[in-house]
> 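The structure is given below, and queries will be raised subsequently.
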Amino acid sequence: MSDTCDVAIVGGGPAGLSAAVELKRQGVARVVVLERFGRAGGIPRHCGHPPFGMREFRRVLSGPAYARRLVVTAEEAGVEIRTDHTVTAVRPGGVLELATTQGAMTLTARRVLIATGNRERTRAQRLAPGLRPVGVMNTAALQSFVYEEGRKPFLRPVIVGSEMVALSALLTCVRHGMRPVALVETRERVQTRRLFMALAALLRVPVLTGAELLSIEGRTRVEGLCLRRNDGTETTLACDGIVFSGRFTPEATLARASGLALDAGSLGPEIDAEGRSSDPHVFVAGNVLHPVETAGVCWAEGRRVAGVIARELAAETGETTEPASRAGAVVRPGDGLRYVVPQRISGATELNIRAEGAARGRLVLRDATGRELVVKTLRAYPEQPIRLRVPALDAAALSGDLHLGLERDD
């Protein structure tokens with residue numbers, strides 16, 4: 001079975017749904033959103049706490065209410081949302097191979113937008129040692145248990161991680177009668193603003209940093225988590241569950257299977273400043289590019305990339321018109337910088353950057369001759385999204401690679 005459309009969007013989260021609405025607003029005739037789960041809305045479906053929606057709808061919403069609002073807005077705009085549709089590959093020419101409850105099919109689109117988001121690293125990916133009892137999960141699984149199934153998977157868990165999502169797990173537990181034993185961070189400092197950790201203090205949940213995970217205890221259910229503190233002492237936290245939070249990685253399986261070029265730093269697809277991947281038919285937006293940003297940031301990015309797609313489609317004069325190719329200079333991050341998105345720029349744009357750990361100093365963009373093009377004083381906490389606005393560059397600057405460096409303060 002085969003079908004056609006103007007734009008196929010893979011992923012029904014904030015980036016994908018906002019892009020779909022914007023495409024319809026700009027006159028694109030047939031826009032299809034392909035969502036592998038039974039409901040669209042993305043990760044916010046599982047987040048029962050606010051705040052969501054202030055940028056998009058000018059009001060504070062819970063995650064599920066926000067997700068429903070995104071879906072309703074898309075449906076009212078005339079977007080076709082197909083749930084239980086898994087895209088297994090995107091072939092050259094915008095041909096998507098799908099696995100559905102009705103069997104395999106193909107969908108051919110003039111343009112494709114991949115917005116598959118990201119996911120937390122699993123216990124196995126973190127190489128956490130010990131037994132494999134029931135009660136070990138990530139934040140998404142915890143919130144699915146609570147908000148979608150109405151169940152408490154444990155009563156006294158340990159939360160491993162200290163990014164913002166760890167606080168989401170903390171709030172979920174406390175609001176539903178679970179009392180976290182501790183919040184454990186294996187690195188030497190918390191991975192978000194220290195101020196935000198005041199929530200843990202307010203809830204009387206200890207925060208343990210620099211703690212090595214020695215083993216998970218319990219044969220059938222979790223009974224404890226053994227740690228070695230940074231002073232060398234070993235301790236066991238008695239608990240009945242463990243939540244591994246954060247350490248996000250792009251959900252880039254589709255991009256990899258489709259042969260798109262991937263960035264070694266972000267682990268997501270490489271793009272230019274307009275969101276175009278190494279396949280000119282395929283665009284990318286959202287947290288599959290930069291783990292992890294808020295739903296509001298992904299929503300805005302989806303709209304922006306949709307505008308590029310709509311203009312490109314409107315400029316086509318016939319069936320033989322080829323899509324635009326990526327242009328511009330490659331941006332190469334230096335030591336101390338994990339990644340930069342986009343990886344290729346040609347005009348004025350904003351770079352999305354992550355440093356390795358906390359960073360203080362100067363962020364400098366140079367051309368191939370060493371000329372300073374943009375400089376920013378930087379004081380960033382770990383995992384902080386860093387923005388660098390780059391003006392339109394002259395032809396000399398764009399004639400070779402651009403180098404992004406972090407000059408740390410001593």
Side-chain angles (χ1 to χ4, degrees), residues 118-146 151-174 176-194 196-250 267 291-292 338 354-358 381-384:
N118 59 16
R119 52 184 167 79
E120 294 167 291
R121 284 185 169 89
T122 64
R123 170 196 174 168
Q125 289 173 314
R126 297 179 186 219
L127 304 178
L131 301 175
R132 296 187 174 276
V134 173
V136 180
M137 62 191 65
N138 60 19
T139 311
L142 164 65
Q143 293 177 331
S144 179
F145 268 111
V146 172
R151 293 194 290 152
K152 290 189 288 189
F154 32 61
L155 293 176
R156 292 189 50 80
V158 170
I159 298 171
V160 179
S162 62
E163 298 171 38
M164 283 294 290
V165 69
L167 299 181
S168 177
L170 182 60
L171 282 172
T172 297
C173 287
V174 171
H176 293 85
M178 295 169 275
R179 185 70 186 175
V181 174
L183 192 153
V184 174
E185 174 54 61
T186 59
R187 290 165 287 195
E188 291 300 318
R189 63 156 288 175
V190 296
Q191 299 298 295
T192 186
R193 292 185 188 274
R194 296 185 192 274
F196 295 162
M197 286 295 118
L199 175 63
L202 181 65
L203 296 173
R204 299 183 180 180
V205 176
V207 178
L208 310 179
T209 58
E212 179 186 356
L213 307 185
L214 296 180
S215 66
I216 296 171
E217 300 298 317
R219 291 195 175 276
T220 56
R221 287 201 59 88
V222 171
E223 296 176 4
L225 178 63
C226 298
L227 306 173
R228 179 184 291 120
R229 302 298 304 278
N230 50 15
D231 62 2
T233 60
E234 296 184 8
T235 186
T236 298
L237 301 176
C239 59
D240 62 355
I242 298 172
V243 180
F244 285 98
S245 69
R247 303 287 181 98
F248 286 95
T249 186
L267 304 181
V292 61
R338 192 191 318 161
R354 291 294 190 286
E356 295 284 4
Y381 58 83
E383 299 301 325
Q384 178 178 341

> Any chance you could measure Leu142, atom CG, to His176, atom NE2, to the nearest 0.5 Å?
9.5 Å

> For the residue pair Met137 and Phe154, establish whether any side-chain heavy-atom pair is separated by less than 4.5 Å.
yes

> Would you say that Arg187 contacts Pro382 through its side chain, given a criterion of any heavy-atom pair below 4.5 Å between the two side chains?
no

> Could you tell me whether Glu383 and Arg338 have a side-chain N and a carboxylate O separated by less than 4.0 Å?
yes

> Do Glu120 and Thr122 have side-chain N/O donor and acceptor atoms under 3.5 Å apart?
no

> Under 4.5 Å between any side-chain heavy atoms of Tyr381 and Val190, yes or no?
no

> Quick one: CG on Leu225 to CD1 on Ile159, what's the gap to the nearest 0.5 Å?
12.5 Å

> Looking at SG of Cys239 and CD1 of Ile216, how far apart are the two atoms once the value is rounded to the nearest 0.5 Å?
8.5 Å

> Could you state the interatomic distance from CD (Glu212) to CG (Asn230), rounded to the nearest 0.5 Å?
11.0 Å

> Within the 4.5 Å heavy-atom criterion, are Val160 and Ile242 side-chain neighbours or not?
yes

> Side chains of Ser162 and Leu167: closer than 4.5 Å at any heavy-atom pair?
no

> With heavy-atom distances below 4.5 Å as the criterion, would you say the side chains of Arg179 and Pro157 are in contact?
no

> Going by atom types only, do Arg247 and Thr186 share a side-chain donor-acceptor pair under 3.5 Å?
yes

> Does a donor on one side chain and an acceptor on the other come within less than 3.5 Å for Ser245 and Glu163?
no

> Report the residues that fulfil side-chain hydrogen bond (donor to acceptor under 3.5 Å, both in side chains) with Thr233, sequence neighbours left out, ordered by chain and then residue number.
Asp231

> Under the side chain to side chain donor-acceptor pair (under 3.5 Å) rule, what pairs show up with a residue in residues 234-243, not counting sequence neighbours?
Arg228-Glu234

> Indicate whether any N or O donor in one side chain lies under 3.5 Å from an N or O acceptor in the other, for Glu188 and Thr209.
no

> I want to check something: taking the side chain as every heavy atom from C-beta on, are Leu199 and Leu171 in contact at a cut-off of under 4.5 Å?
yes

> Is a donor from one side chain sitting under 3.5 angstrom from an acceptor on the other, for Gln143 and Ser168?
yes

> With a 4.5 Å limit on heavy-atom distance, are the side chains of Phe248 and Val165 in contact?
yes

